[in-house]
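Each remark here refers to the structure printed beneath this line.
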Amino acid sequence: MDIVISNAAIITGDGETFWPRGQVAISSDRIAAIVEGHDEDLNARGTLRIDAKGAIVFPGIINGHAHGCAHGPAMPSGSPAFPQADIDYFRNRHLLAGTTTLVNVCGLALPEEIDGGSGASHPLQVYVTSAHTPSAIAAADAVDGAGLSGRHREMNLDRAIALGAIALGEGGGGQTLGGGAQDYAFLPRAILRDTGVSVAPRDAKSLKDALLGRALDRADRPPDSTFVALCKKLDLLRHSTVDAVADIIKNTVMKSVVPARRGLAELAQASSRTGLPAILHTAAPSAKTVIDLARSLPTSRLIAAHCNHPSCTPEQAVATARSLRELGVTIDVSTLDCIVTHWRNTAENLDALIGEGLVDTLSTDFAGGHWDGILEAVHRMIVKGHLSAPQAIALATGNVARLFPAFHDRGLLSVGKRADITIADRHNLSRVRHVIIGGKRIIQDGANVATSSSLIH
Ligand SMILES: [Zn+2]
């Protein structure tokens, strides 16, 4: 055995199994044995023996919805790629937080762009999805599209899948469906450019909600007194009129909404045809579309992304998730910045969905780069008594692996599965001590011990 981990508590990732003491043995890149209790013979056979007393061992976290971890066009807006240093930083944060597999769902980056074509790779296993449909590309162009080359524009779903994209999506996004990225990026930029006033993300959201409604269903109505009062409060009328400010917001937010909604339908249809899961941006402006698609395409395999989206009230989030669950849709929630950072979001919607037993999977999403860790959310669920530790861990291991055909080899601690393993403090699962990927120890005692050449490009 190459590695034997002993004396740790064990969660296998199936949603139930918890052993107070057990062992996991690794041979090459696979799990070779897993036992409850302690077998000294097995321990003695380990070339490397990890005494994990006081720790808990579980499958490496699979983050099924993240952004900014592949080179190539960023986000459903097809924006220019993030700088290399940012991508390294984002990947390192996920890795140090116990994630071993990550699905970058920006949607327009290609499999060949995962590592930037530089040949250098990072120990975090990154995969990409495809949203290369005519309407998704039109939606990207309506809001940005500056990161798209001819090759991206000519790509289609089938070719991207043949090249290695593992799923479909993200259909829509905060950029193209009036969500968070409009609040923290596009709207403040447009308002500053046209009025000379800088507004904070929260204020951009308030202006957008007052003018267009949380579901973007009031765009045809004239600005009301709430909107006028907000414009005055934010000093936007110094050099502009109410109508001019309303036009800036409408133009920035609404242009991409119709093609983005059409893009959701294209991906759901492709899911029916290919059998691959389609990850759809689920928020107040898209919830009805996602429900209608689930109903009209019963053979599609839809993942309703971040059902705790802040555009919904807790009651709306629960009602949407309940309708989708009845239609067989997977309910995903994202940490966003709502666990500890609290930059723009709170955990209210996530708590409501967990409380109703409606959550299947847990991811981070991006939240402007301020996402909180999956294990921070897991720890919170456990200490608040919302879920047992095995139930909470399954949301980001076994449950995710079941959705993606490419992940049939991971997500559970069982013999023959890939040796992707996270070892954390038993009383705080977000305190990660060791991470093993493909049988190699990558994080040791909280520090990255992978060769520096694989981390620094
Ligand atoms: Zn999204």
Side-chain angles (χ1 to χ4, degrees), residues 63-70 73-79 90 102-109 128-131 133 135-136 139-140 142-144 167-186 201 205 208 214-216 253 256-257 259-268 271 277-291 293 302-312 316-317 320-321 324 329-338 344-345 349-350 353 359-372 374 400 403:
N63 186 351
H65 189 119
H67 294 276
C69 287
M75 306 291 169
S77 50
S79 297
F90 296 154
L102 178 143
V103 189
N104 189 84
V105 302
C106 289
L108 298 170
V128 294
T129 53
S130 171
T133 72
S135 298
V143 64
D144 190 345
L168 308 165
E170 177 181 8
Q175 301 77 13
T176 59
L177 281 165
Q182 282 289 352
D183 305 341
Y184 63 70
F186 292 100
K205 182 178 192 310
K208 181 190 76 185
R214 280 170 169 239
L216 306 181
V253 175
S256 54
V257 170
R261 285 192 181 127
R262 223 180 290 131
L264 296 175
E266 290 167 348
L267 290 181
S271 172
I279 299 158
L280 304 185
H281 179 91
T282 307
S286 61
K288 188 182 173 302
T289 308
V290 179
I291 293 170
L293 288 170
L302 306 184
I303 299 174
H306 45 61
C307 286
N308 57 320
H309 197 272
S311 60
C312 302
Q316 286 169 338
T320 298
L324 290 169
V329 174
T330 297
I331 310 300
D332 180 60
V333 293
S334 294
T335 59
L336 303 169
D337 57 26
C338 72
R344 294 181 312 113
N345 299 301
N349 291 1
L350 191 148
L353 290 165
V359 177
D360 299 305
T361 60
L362 171 65
S363 58
T364 60
D365 201 1
F366 190 65
H370 304 280
W371 76 86
D372 292 322
I374 285 175
V400 190
L403 296 175

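Note that ligands are numbered from 1 as they come in the structure, with each ligand's atoms numbered from 1 the same way. Atoms considered below: every heavy atom in the structure, side chains included; atoms not considered: hydrogens, waters and symmetry mates.
- Side chains of D332 and S363: a donor-acceptor N/O pair is present below 3.5 angstrom, by distance only.
- Annotation: salt bridge (Lys or Arg N to Asp or Glu O under 4.0 Å) contacts of D372 (sequence neighbours excluded): none.
- By the ring pair (Phe, Tyr, Trp, His ring centres under 6.0 Å) test, Y184 pairs with W343, sequence neighbours left out.
- Remark: I291 engages R295, T320, S323, L324, L327 in a side-chain contact (heavy atoms from CB on, under 4.5 Å) (not counting sequence neighbours).
- Of the listed residues (D365, N104, T364), just one forms a side chain to side chain donor-acceptor pair (under 3.5 Å) with H67, and that residue is D365.
- Between the side chains of S79 and S77, at least one donor N or O lies within less than 3.5 Å of an accepting N or O.
- Distances under 2.8 Å from the Zn ion (ligand 1) pick out the protein N/O/S atoms E170 OE2, H281 ND1, H306 NE2.
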